[in-house]
Amino acid sequence: MAAETDPAAGHGGRELLRSLVRSQRRRLCAAVLLAVAAVACQLVPYLMAYLVAVELVTQASPDGGVLIRYAVIALVAIAAGTALMGGALAISHVCAYWLLHRLRQRIAERLAVLPLGEVTRRGSGRIGKLAMEDVERIEVFIAHMLPDAVAALTVVAATTVWLFVVDWRLALAAVAVVPLAMLAMRHATRGSGAWVAQWHGAGMAMNQTVTEFLQGIKAVKVFNRQTDTVARATDAVRRYVDAETRWGTAFLPGGAAYFTVMAANVVVVVPVGLWLYRDGAVDLPTLLLFLLLALGYTAPLTKLTGYGSQLRQVRFGTDEIAALLDTPALPDTGRRVPLGPASVELTDVEFGYHPDRRVLDGVRIHAEAGRVTAIVGPSGSGKTTVARLVSRFFDVSAGQVRVGGVDVRDMAVDQLMDTVAVVFQDPFLFHDTIRANLTLGRPDLDDEAVHQAARAARCHDFILALPQGYDTVVGERGATLSGGERQRISIARALLKDAPVVVLDEATASTDPENEVWIQEAVANLAAGRTLLVIAHRLTTVRDADRIVVMTDGRVAESGRHDELLRADGTYARLWADATTSARWSLGVSGERSGAHT
Ligand SMILES: Nc1ncnc2c1ncn2[C@@H]1O[C@H](COP(=O)(O)OP(=O)(O)OP(=O)(O)O)[C@@H](O)[C@H]1O
């Protein structure tokens, strides 16, 4: 594999920030040089003011032409300073936006290759904050803080040298407050790392809660949980505000002392200056120059200190981004290998989402090529987990998952994705047209192919009945369609993908009988000529499967055809009895209800 030279690659936030700056060093150097030149221009008016004062004090009749020349030079310098600073900021913004784009692209690329577990563990709210807010902070750092901070440092250094060259006693008076102010700032920022960490953590939690609230808004309304869900979101916001307030309160005494001491240099410079002037040790122009420069001297220093605290916030974000970018991708050999018949085999598979809790224990399943294999079992027995392992959302802790006779870890991830199509319980539809959702990743497909798949998946008719047919935009996450419609679209998508193996995680939510028939027909069409592994949450839908695997507590309890399993009178027979009883019970209940209405 080629060595990483990407600007967004690295280890740790500090290194990430460094590599970002390094990757744009030429442009950033140009921006910094322009900013320094701008600062030099900004100091010219002070020099002109000093020269005007010298002219006024030393000449009995000052030369008007000379004074006008000084004024014009000052004006030109101000204009040049503004233009140069504008140029510096323009260049630094170009760099920052380029890096912003690159960094977001890298985050997206990394998310695409991470094991799914890593993505869900972090949560979409946290990742959203990271990709938007934290990346935005880096933009502020590169586009504004960097040239500004270098310019401020240049002002401080140049002014200090100038003051000492002109008069060391007055210069000492001007800088006397700085060490004291620095002590106050040290006190103010003592332990600030912990405060920033709390503030950052509270920000992450707030984002996660608010994102969850928005994503789960349907459930919130249906279960009438507005009050406590809003309370939870409000609580997260309050905790964020609290963290910010605590941080501010901890900073306040030292910070206030810092700003007071910095502003107090006038109290030192003015008396010392007047005393030296009275003794004839300095002339009036020098005194005026000091009053001008020394009083403005502390502003850039204060700016620099503010940037220090902002930098700490940037670092927290970059630490998180770096941790995400450094998370190992799902191992991918990148090798496409010859596959045998499209069977799916799990051999002695062990797996747990957390190291201390095993969810699958010695699971052996053989789904023969071209056959329908159903996995059934009580809720939480590990059925969906099996589906996730086949499509490598996670890798097994022990044992093997083979597709077409090859361990899924030994073939390219692309090859596995081409070989296996997955129909999820709650299929995700993008906020896009139905056509775009159907041809996901295969824009080459023509209308005829799309319509044929939609017919086979029993969704062509309802799509045509929509206002713009195939060009109808479905709402966010497909919210404008029913669960059954979404699942049939997802089946059409799998048909268009034309993978030899299909893993179908059947929807748990009960759909109306008509919808259920259509889904069954769609699934039957999907199964034709393919290996179908159905994760069944309702037994009635799988009685015709070629093989039924019964799972309990993460193990395979038994397997066989429907009749064989009933004869064996084991777990399946019990589950079947329960399912048929509850079906009769629910018919009875609805019968009573309909009776009550008549
Ligand atoms: N992302 C996850 N992180 C942690 N634990 C999980 C995760 N997904 C599932 N589990 C746990 O793993 C176990 C098996 O879950 P799984 O979803 O595979 O069961 P299932 O048989 O498909 O259940 P159901 O029929 O209710 O969908 C359960 O105890 C569940 O709580």
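Just so it is clear, the model here is predicted, and its values are computed rather than measured.
Residues passing the side-chain hydrogen bond (donor to acceptor under 3.5 Å, both in side chains) test with Q42: none are found, sequence neighbours excluded. Residues satisfying the side chain to side chain contact (heavy atoms under 4.5 Å, CB included) test with V396, not counting sequence neighbours, are V349, L389, V401, R409.
At a threshold of 4.5 Å between non-hydrogen side-chain atoms, the residues D332 and V113 do not count as touching. The side-chain heavy atoms of T419 and P500, taken from C-beta on, include a pair separated by under 4.5 Å. With contacts defined as side-chain heavy-atom distances shorter than 4.5 Å, the pair V406/Q415 does not qualify. You'll find the side chain of D242 reaches within 4.5 Å of the side chain of R246, heavy atoms only. T234 places none of its side-chain heavy atoms less than 4.5 Å from the side chain of R238. Side-chain atoms of V390 and V408, non-hydrogen and from C-beta on, never get closer than 4.5 Å to each other. Side-chain contact between E136 and R104: present, with at least one pair of heavy atoms (C-beta onward) separated by less than 4.5 Å. The side-chain heavy atoms of V344 and V503, taken from C-beta on, include no pair separated by under 4.5 Å.
Across L100 and E139, no two heavy atoms sit closer than the pair CD1-CB, 3.2 Å. Closest approach of P45 to A77, counting heavy atoms only: CD-CB, 4.4 Å. When every heavy atom of S490 is checked against every heavy atom of V423, the shortest pair comes out as OG-CG1, 3.3 Å. Nearest heavy-atom pair across L495 and R530 is CD2-NH1, 3.6 Å. When all heavy atoms are compared, the tightest approach of C459 to A492 is SG-CB, 4.0 Å.
The local environment of CZ in R186 is sparse, with at most 12 non-hydrogen atoms from other residues, nucleotides or ligands closer than 6.0 Å. Heavy atoms from other residues, nucleotides or ligands lying under 6.0 Å from OH of Y46 number 12 at most. When the shell of 6.0 Å around CZ of R25 is examined, it contains 12 or fewer heavy atoms from other residues, nucleotides or ligands.
The NE2 atom of H460 sits 12.0 Å away from atom CD1 of I434, with the distance rounded to the nearest 0.5 Å. Distance check: S92 OG to M85 CE gives 9.0 Å after rounding to the nearest 0.5 Å. Here the CD atom belonging to Q24 is positioned 11.0 Å from the OG atom belonging to S19, to the nearest 0.5 angstrom. The CD1 atom of I142 lies 4.5 Å from the CG atom of L99; values are rounded to the nearest 0.5 Å.
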| said: Please evaluate residues Q105 and R102 with respect to the criterion side-chain hydrogen bond (donor to acceptor under 3.5 Å, both in side chains), reporting the C-alpha separation (whole Å), side-chain torsions for both, the decisive distance (0.1 Å), and the verdict. | reply: CA-CA 5 Å; Q105 199 179 1; R102 188 66 202 110; 3.0 Å; yes
| query | Checking side chain to side chain contact (heavy atoms under 4.5 Å, CB included) for the pair L533/V501: CA distance, chi angles, key distance, verdict? | reply | CA-CA 8 Å; L533 191 65; V501 176; 5.7 Å; no
| What's the verdict on side chain to side chain contact (heavy atoms under 4.5 Å, CB included) for Q487 and L504, showing C-alpha distance, side-chain angles and the deciding distance? | CA-CA 10 Å; Q487 185 142 59; L504 171 75; 4.3 Å; yes
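For the ring pair (Phe, Tyr, Trp, His ring centres under 6.0 Å) condition, the pairs that include at least one residue of residues 117-144, sequence neighbours left out, are H93-H144.
Between F394 and F351, the two ring planes are tilted [angle within 30° to 60°]. Classified by interplanar angle (parallel below 30°, tilted 30° to 60°, perpendicular above 60°), the ring pair F259/F251 is perpendicular.
Judged by distance alone, the side chain of T531 and the main-chain N or O of A342 form a donor-acceptor pair under 3.5 Å. Distance alone, capped at 3.5 Å, is enough to place a donor-acceptor pair between the K497 side chain and the M417 backbone. For the pair T472 (side chain) and Q468 (backbone), a donor-acceptor distance under 3.5 Å is present.
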